[in-house]
Number of protein chains: 4
Amino acid sequence: MARIAGSSGASTAAAIRRVGLRLIHRHGYEAMGLRQLAAEVGIRPGSLYNHIASKQDLLFRLIEAHLLALIAAAEAALEAAPADPPARLRAFVTHHVLYHLGKEAEVTVANFELRALDPPGRARIVALRRRYEALLITLLEAGRAEGRFVLTDPRVAAYAILAMLTGACTWYRPDGRLSPAELAAIHAGMVLRSCGLAPEEGAS
Amino acid sequence: MARIAGSSGASTAAAIRRVGLRLIHRHGYEAMGLRQLAAEVGIRPGSLYNHIASKQDLLFRLIEAHLLALIAAAEAALEAAPADPPARLRAFVTHHVLYHLGKEAEVTVANFELRALDPPGRARIVALRRRYEALLITLLEAGRAEGRFVLTDPRVAAYAILAMLTGACTWYRPDGRLSPAELAAIHAGMVLRSCGLAPEEGAS
Amino acid sequence: MARIAGSSGASTAAAIRRVGLRLIHRHGYEAMGLRQLAAEVGIRPGSLYNHIASKQDLLFRLIEAHLLALIAAAEAALEAAPADPPARLRAFVTHHVLYHLGKEAEVTVANFELRALDPPGRARIVALRRRYEALLITLLEAGRAEGRFVLTDPRVAAYAILAMLTGACTWYRPDGRLSPAELAAIHAGMVLRSCGLAPEEGAS
Amino acid sequence: MARIAGSSGASTAAAIRRVGLRLIHRHGYEAMGLRQLAAEVGIRPGSLYNHIASKQDLLFRLIEAHLLALIAAAEAALEAAPADPPARLRAFVTHHVLYHLGKEAEVTVANFELRALDPPGRARIVALRRRYEALLITLLEAGRAEGRFVLTDPRVAAYAILAMLTGACTWYRPDGRLSPAELAAIHAGMVLRSCGLAPEEGAS
DNA sequence: CATGAATGAGATTTCATTCAT
DNA sequence: TATGAATGAAATCTCATTCAT
């Protein structure tokens, strides 16, 4: 009652994650069918369950992996940055924009499909997101304490900045008229000015 | 959950739109079942089709109505504003923030569920969104032409500003520590500064 | 996306119960597929859910209906019987055997598929079964109190009698060499003797 | 639940039979999954097939082994009994009750899961059951031929007796108020009386 | 002897939608 | 306008089983 086709092994799991991310991004989690996912991976629907525990589990792991990588990249960028708050802010913005460009699928899924997670999974993801936001909030608070930033409310400012930056990757197209570096520079300028800095401040 | 309270006077069609908006916002378009919608409206699933053409049609009309109202409100706000570009920018930002607060459902649905629309419907909605964005882009371009704004790219700046502002309503809670007016003021300040203006410029 | 064939109406629900009982009896609850059930009823699988809440629900209702009818029949038989304990015991045995013959499906399902019920459903069915058993236990206790029955333990005796009688309908075939009346008489004789009575005692 | 304790010495095949019997008894043949069986044995599902030919095969062997042991025990009990029919009947009843108590799993599976066997397997098991029933039928016929038993129909009487006795093990609990010996005595008394004997007849 | 990955079939259940009444 | 019963399609997931390693 069972036949063997091309027992590819470990790469199947990676293909499921890769194709799954693309399909969730394109159609949304609820609208993506496991039949379609299986077909594009090249296996039968039931075989998916040799690699994932459930559709929910797949979504959770995709989002979790993205956030963990994002946090690690941010921490690395901040460690490499000087202690000067404007420079650190510019470093964070540059990291965020460059990291997100080309990761539209991961970013969209991580932001849009949170509600599709069941409560325990959502709680864990929300905690990770808080860790990431805290990096920026801490940075803004430090700059304000040193009198370098003009900020009414660091938390609100952080949310506003993140919304602005993340939004960029929803419309950015690699074949557009702006290079990633240009886009990062434009946004760094806007963010620094929005915090009351002259654009040349914090230049590396 | 079954019968909607206080809806005795409203027509069934209005109840379907009201409840439908809430359910799509809470669960997402794909995850909202028409059975659930019918149950919360107080009718049977089949009866929905006396009021809507299809589930798609319901979604389209909800988004379209929201965008039309948003555009009208923006145009009214700009007509009432002085000709001075900083003042007009402040007026736009204030309008946007105040209009969006308390309309979380409409905003979220209009932004998140675009992908659930079929191509013709999506095209019409995208066109409406372009009309709205054009209001801000035109404003920014005018200000730059007068030498009042520091802007590398008005279109990119407009997207960044809209992303920042719209993001506010995804985390704003009416019982939070900030009033709508305070929130609008904070964001107006950030936006004006990000365009190279001193915060007091454009004050009404 | 939907077509109408022969909207038969209320009789569909009855057909589902009738065919469902037969299939559960023949294959067992777990082995009966709803596809098969739907096919034999003449509808599509999904249409079953216009009439049943779930497969579990179908099983529960079948067993519950059987037990309620069985209890009512037993109570009627005892009400019609004289007050004399041997006569009442003979009446109960005759009722039980005659009622069960020809109801092999109901009896088998009610006895064999209890374990397939979820705990709440099982609890309600077990309570009904206790009500039925209590009718016999009460009868045996009354007869022993009057010194008419030789019984070590009325509860154990009741279980033994019921097991013996119910077993009859698992092998009884209407086209066999014994008529229902003969079968009832044989078992009544064995039961009465097993309680220490002469066979002619309790004869009506 | 995962690894079976105290099974280090037993072979994997024996563990499969032991755990399989327990799971079939608890959930039923159809409801028991081979994945669950493998997990409780401590191996992967595929490895089961190093020890069993199929799920059907496992069920068949469990039932066959039980019936062969039951027949052997009955024959031993009858060989050890005196030639007197009442004494032989008492010996058979005592054997049956005592053998069955504590073998609830085997008995339930052998009786309830017959329908899950494919036709060839079922035929072989039914033949074994006939052999066992024949021991009692022969005994009853002999007793009737000697004029010791009051019996309308030895075959019907045998079925009634076996149903009564076997039923006892479906409700017997080792921690109940009756000992196995007491239970056997009660049933021996009922059976002997049901065949028209005074209770003390056939006492050993 | 055990494993991991695959299979085809099928499980129960939900979906949006239709339409005679 | 509302209803109840139907539809075809599809949903996610489990099943027993196979077999190269």
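Every heavy atom of this structure was used, including side-chain atoms; hydrogens, water molecules and symmetry mates were not. Naming: A, B, ... by sequence-line order, numbering from 1 per chain. Please read these numbers as outputs of a predicted model, since none were measured by experiment.
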Listed by chain and number, what are the side-chain hydrogen bond (donor to acceptor under 3.5 Å, both in side chains) partners of [X], not counting sequence neighbours?
| X | answer |
| --- | --- |
| Glu113(D) | Arg115(C) |
| Arg22(C) | Glu40(C) |
| Arg124(C) | none |
| Arg129(C) | Asn111(C) |

Legend entry - Heavy-atom pair of closest approach, residues His51(B) and Ile16(B):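 Smallest interatomic distance, heavy atoms only, reads CB-CD1, 3.6 Å.
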
Starting from [atom2] on [N], measure out to [atom1] on [X] and report it in whole angstrom.
| X | N | atom1 | atom2 | result |
| --- | --- | --- | --- | --- |
| Ile16(C) | dT12(E) | CD1 | P | 14 Å |
| Ile52(C) | dA5(F) | CD1 | C1' | 14 Å |
| Leu59(D) | dA16(F) | CG | P | 13 Å |

Legend entry - For DNA chain E, the dot-bracket pattern of Watson-Crick and G-U pairs whose distances stay under 3.5 Å, | for other-strand partners: .||||||||||||||||||||

Inset, instruction - Select from Gly46(C) and Lys55(D) the residue whose nearest nucleotide in DNA chain F is closer to the 5' end of that strand. - result: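 Here Gly46(C) is the residue nearer the 5' end.
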
Inset, instruction - Run the salt-bridge test on Arg61(D) and Asp57(D) with the 4.0 Å N-O cut-off and return the result as yes or no. - result: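 Counted as a salt bridge, because a side-chain N and a carboxylate O are separated by less than 4.0 Å.
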
Inset, instruction - Respond yes when some side-chain nitrogen or oxygen of Thr12(C) is under 4.0 Å from OP1 or OP2 of dA6(F), and no when none is. - result: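 For dA6(F), OP1/OP2 do have a side-chain N/O of Thr12(C) under 4.0 Å.
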
Inset, instruction - Indicate whether OP1 or OP2 belonging to dA2(E) is found under 4.0 Å from a side-chain N or O atom of Arg44(D). - result: no

Inset, instruction - With DNA chain E as reference, determine whether Leu48(C) or Asn50(D) sits nearer its 5' end, using the nearest nucleotide of each. - result: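 Nearer the 5' end of the strand: Asn50(D).
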
Inset, instruction - Between His51(D) and Ser47(A), name the one whose nearest nucleotide on DNA chain E is closer to the 5' end. - result: His51(D)

Would you mind reporting whether [Y] and [X] have side-chain heavy atoms less than 4.5 Å apart?
| X | Y | value |
| --- | --- | --- |
| Val107(D) | Cys169(D) | yes |
| Met32(D) | Arg26(D) | no |
| Leu59(C) | Val109(C) | yes |

Legend entry - Among dA6(E), dC13(F), dT13(E), the nucleotide that comes nearest once only the side chain of Tyr49(C) is considered: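 Side chain of Tyr49(C) sits closest to dT13(E).
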
Legend entry - Residues in contact with DNA chain F, drawn from residues 20-40 of chain C - heavy-atom cutoff 4.0 Å: none

